[in-house]
Amino acid sequence: RYNQRKNRLLYRFLMNYTKPVISAVEGYCLGGGFGMAMMGDFIVASESASFGLPEGKHSLIPGAGGTQNLPRLIGAPLAKELIWTGRRISGAEAKEYRIVNHVVAKGKALSKVREIVEEMKGVGPLATMMTKQTIDRGLDMTLQQGFMQEADLAYMLSWSEDRAEGLKAFSERRKPDF
């Protein structure tokens with residue numbers, strides 16, 4: 001446990017980071033790398049990407065969150081099969097399983113991430129941060145608790161400069177300047 005402490009601090013940092021974390025994957029994304037990619041908000045993969053949690057083949061278990069994140073993304077039965085067999089899946093198969101959001105041509109994953117980030121610039125940064133918090137924390141809450149959290153954070157945004165600028169830009173039919 002002591003030897004894993006530094007890694008655990010990194011994982012905790014990634015999972016609690018307030019800004020969007022988008023993983024761009026080219027080539028192999030196995031074991032801890034796959035676990036870390038899943039800690040981001042979503043994954044963009046190239047068609048050459050290969051995902052897997054092969055730790056079981058070495059009598060280990062995924063130690064970078066794979067036993068927790070993968071079942072939440074694809075369901076327990078499929079996660080168990082992938083972990084228990086150590087089978088690798090392609091980027092296309094990962095998209096089919098809803099592990100990745102986009103599959104692009106080889107060498108284009110980072111370009112696609114940059115394209116998405118450009119689109120995201122049109123959304124208020126505080127709204128993005130609050131939405132990320134609401135979704136991530138809401139997964140561990142009841143539906144009612146999630147609705148309450150959403151209402152509280154929506155109310156908090158009503159006092160922000162971002163909201164004022166967003167509404168003003170909308171009424172003036174222009175892009176907001178966040």
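When a residue number appears, it is its place in the shown sequence, counting from 1.
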Could you check whether any side-chain heavy atom of Leu157 comes within less than 4.5 Å of a side-chain heavy atom of Leu126, counting everything from C-beta outward?
yes

On a heavy-atom basis, which atom in Gly124 and which in Phe178 lie closest, and how many Å separate them?
N-CE1, 3.4 Å

Apply side-chain contact (heavy atoms from CB on, under 4.5 Å) to the pair Met129 and Lys19, showing each step before the final yes or no.
CA-CA 6 Å; Met129 182 178 76; Lys19 294 173 177 57; over 6 Å; no

Output every pair passing side-chain hydrogen bond (donor to acceptor under 3.5 Å, both in side chains) with a member in residues 156-178, not counting sequence neighbours, ordered by first then second residue.
Glu165-Arg174, Glu172-Arg174

hydrophobic_cluster_shared for Tyr155 and Met148, side chain cutoff 4.5 Å
no

With side chains defined as the heavy atoms from C-beta onward, is the minimum distance between Pro20 and Thr128 less than 4.5 Å?
yes

Same cluster or not: are Phe42 and Leu73 linked, directly or through other Ile, Leu, Val, Met, Phe, Trp or Tyr residues, by side-chain heavy atoms under 4.5 angstrom apart?
no

Show me the donor-acceptor pairs, under 3.5 Å and distance only, between side chains in residues 31-39 and residues at least two apart or in other chains.
none

Looking only at heavy atoms, the pair that brings Ile99 and Ile43 closest together is O-CD1, 3.8 Å

From Leu53 CG over to Ile89 CD1, what is the distance, rounded to the nearest 0.5 angstrom?
9.0 Å

Would you please name every residue forming a side chain to side chain contact (heavy atoms under 4.5 Å, CB included) with Glu150, sequence neighbours left out?
Thr134, Phe147

Please report the shortest heavy-atom distance between Arg72 and Asp140, naming the atom on each side.
NH2-OD1, 4.1 Å

Nearest 0.5 Å, what's the SG-CZ distance between Cys29 and Arg88?
11.5 Å

Apply side-chain contact (heavy atoms from CB on, under 4.5 Å) to Arg98 and Ile74, showing your working.
CA-CA 7 Å; Arg98 301 183 66 123; Ile74 65 174; 5.5 Å; no

Are a donor atom and an acceptor atom from the side chains of Gln145 and Thr142 found within less than 3.5 Å of each other?
yes

Kindly give the heavy-atom pair with the smallest separation between Gly66 and Ile83, and that separation in Å.
O-CD1, 4.1 Å

Over all heavy atoms of both residues, which pair between Lys95 and His102 is shortest? Give the atoms and the distance, please.
CE-CA, 4.2 Å

Hey, does Phe51 have a side-chain heavy atom less than 4.5 Å from the side chain of Leu82?
no

Between atom CD of Glu118 and atom NZ of Lys121, what is the distance when rounded to the nearest 0.5 Å?
3.5 Å

Please report the C-alpha distance between Glu81 and Arg87 in whole Å, then the side-chain angles of each, then the deciding distance to 0.1 Å, and finally whether the salt bridge (Lys or Arg N to Asp or Glu O under 4.0 Å) criterion is met.
CA-CA 8 Å; Glu81 177 188 338; Arg87 182 166 62 89; 3.5 Å; yes

Can you measure from OH (Tyr97) to CG (Leu70) and round to the nearest 0.5 angstrom?
10.5 Å

Considering residues, nucleotides and ligands other than Met156, do more than 12 of their heavy atoms fall under 6.0 Å from its CE?
no

So does Lys132 have more than 12 non-hydrogen atoms from other groups sitting under 6.0 Å from NZ?
yes

Could you pull out the closest heavy-atom pair between Ala49 and Val25, with the gap in Å?
CB-CG1, 3.8 Å

side-chain hydrogen bond (donor to acceptor under 3.5 Å, both in side chains) with Ser46: of Lys108, Lys112, Glu26, only one passes, and it is Glu26

For the CG atom of Asp136 and the CG atom of Asp41, what is their distance to the nearest 0.5 Å?
6.0 Å

Output, in order, the C-alpha distance, side-chain angles, deciding distance and verdict of side-chain contact (heavy atoms from CB on, under 4.5 Å) for Val117 and Ile22.
CA-CA 9 Å; Val117 168; Ile22 304 169; 4.1 Å; yes

Starting at CG of Asp152, measure out to CE of Met130 and round the result to the nearest 0.5 Å.
10.5 Å

If you count the non-hydrogen atoms of other residues, nucleotides and ligands that lie under 6.0 Å from CE in Met141, is the total more than 12?
yes

